[in-house]
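Just so it is clear, the structure is predicted and the values come from calculations on it, not from any experiment. In what follows, chains are A, B, ... by sequence order, proteins preceding strands, each numbered from 1.
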2 protein chains.
Amino acid sequence: MALEAAESLVTTEGYKGLSTRKVASAIGYTVGTLYLVFDSQEDLVLQLNGRTLDALYEWLRARPALSGDPGNNLRHLAETYIAYANTETARWNVLFEYIAAEGNDLPDWYLAKLSKVFGLVEAALKPLADHRGEQEIQQAARVLWAGVHGICTLKIRHRMDLAGGQTTEQMAHMLIDNFMLGFQA
Amino acid sequence: MALEAAESLVTTEGYKGLSTRKVASAIGYTVGTLYLVFDSQEDLVLQLNGRTLDALYEWLRARPALSGDPGNNLRHLAETYIAYANTETARWNVLFEYIAAEGNDLPDWYLAKLSKVFGLVEAALKPLADHRGEQEIQQAARVLWAGVHGICTLKIRHRMDLAGGQTTEQMAHMLIDNFMLGFQA
DNA sequence: CACAATATTGAACACTGTTCAATATCGCGC
DNA sequence: GCGCGATATTGAACAGTGTTCAATATTGTG
């Protein structure tokens, strides 16, 4: 209940509109009760992000590329990722605004959800380089996707509102195409 | 004075430790006075980020690559960028945590500072593809650097604490090398 | 019905951003 | 030195925030 309420709060009021009191009252409880379920607001946000990662995974999985060409698959995956960020911007933002207090690593179940998403990229990248080792493909997938993510982040946060700018999709295509060429070589 | 105080506040207490009252009292004033100088906390953060962008530019400029090889230059630039993020983590974080209220675009002077930083990447990328147009080099520089930035972000925010992970520098090298290969082709 | 185990409350504490009437300080002409 | 207008500065007030915890309410069971 609390997490559902938190989700709609974030989507309607933005990530700054999230507060423990609002979440509590949205489900007919008081703040005190919320603190019996969650250790802190950080804990609530972490669990909310867990759900968002699940939703993102399902979003990507539900929109597979039609063609079998690896290049097309990767570009389509990037477009689908960008579309999610553009559609669920507030929730997607919370995903990366949450910064664990230093030394406070992310829990394993969270990293597992992250791995699952990266797995989709690995699968799309694999047919492109059968000659490479499993580990190298995994590393390449993470590097490439971190790159696509970076483009998406800077675009959504308006750090790319510069003269002569391309669309997010065009930038992602450029990154993927050039990276693929190099990775295949 | 206020911006200097804000800087040291962020570096000592982290980005969450920044508050208008703390900044004001750090320079011997009250909150009210601070609001005669800055429109809002958002305004203060934006100006703080402007200084950080200047500092980042100087940091990169003060550490030029020794070799003339474009590949080395780009890798060195990435390493220097990563080093800044690791050294001034809190300040660097504020740079991207600040999200302008929707419709509220970043001011031109801020975008100009961003362009200046991107210019360093363009300069490093240029000798690699003289046959390409000016605009294409600019676009490639932005795409590549957004990618390096994405790697850096996910690393610092612990989104890459997965099994079989590489260092930030290794990931950046992988991205740059493969992108370069594709871009040269 | 009683009693122990849960569940829930709401007030309290120490913060936060922001505003604005009231006050203090300053520079300058006389 | 004095007065006065222009700045500069204050600090209390408002509405919110995360978090805690003694006090209360509700529940299931013997």
Taking NZ from B:K16 and C1' from C:dG17, how many angstroms apart are they, rounded to a whole number?
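Spelled out: NZ on B:K16 to C1' on C:dG17 is 17 Å.
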B:L34 atom CG is separated from C:dT16 atom P, nearest whole Å, by 13 Å
- Message: Checking B:N73 now: which residues fulfil side-chain hydrogen bond (donor to acceptor under 3.5 Å, both in side chains) with it, not counting sequence neighbours?
- Response: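 Expected list: none.
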Opening and closing nucleotides of DNA chain D in contact with chain A, under 4.0 Å to non-hydrogen atoms
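The protein-touched segment is D:dT17 to D:dC21.
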Quiz item: Should the pair B:F96 and B:H149 be assigned to parallel (<30°), tilted (30 to 60°) or perpendicular (>60°) ring geometry?
Solution: tilted
_Aromatic ring pairing B:W145/B:Y81, orientation class (parallel under 30°, perpendicular over 60°, tilted between)_ = perpendicular
Between A:G32 and B:R21, whichever has its closest DNA chain D nucleotide further toward 5' is B:R21
With a non-hydrogen cut-off below 4.0 angstrom, is A:T20 in contact with a base, only sugar-phosphate, or nothing? base
(request) Using a heavy-atom cut-off of under 4.0 Å over every strand shown, decide if A:S19 touches base, sugar-phosphate, or nothing. (result) sugar-phosphate
Give me each pair satisfying side chain to side chain donor-acceptor pair (under 3.5 Å) with a member in residues 176-185 of chain A, each pair once, sequence neighbours excluded.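 Of all non-adjacent pairs touching residues 176-185 of chain A, those that pass side chain to side chain donor-acceptor pair (under 3.5 Å) are A:R75-A:D177.
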Quiz item: If we only count heavy atoms from C-beta on, is the B:K22 to B:E13 side-chain gap below 4.5 Å?
Solution: yes
Side-chain contact test, heavy atoms from C-beta onward, threshold under 4.5 Å: evaluate it for A:Y98 versus A:N49 and give yes or no.
yes
Between A:T33 and B:G17, the residue closer to the 5' end of DNA chain C by nearest nucleotide is A:T33
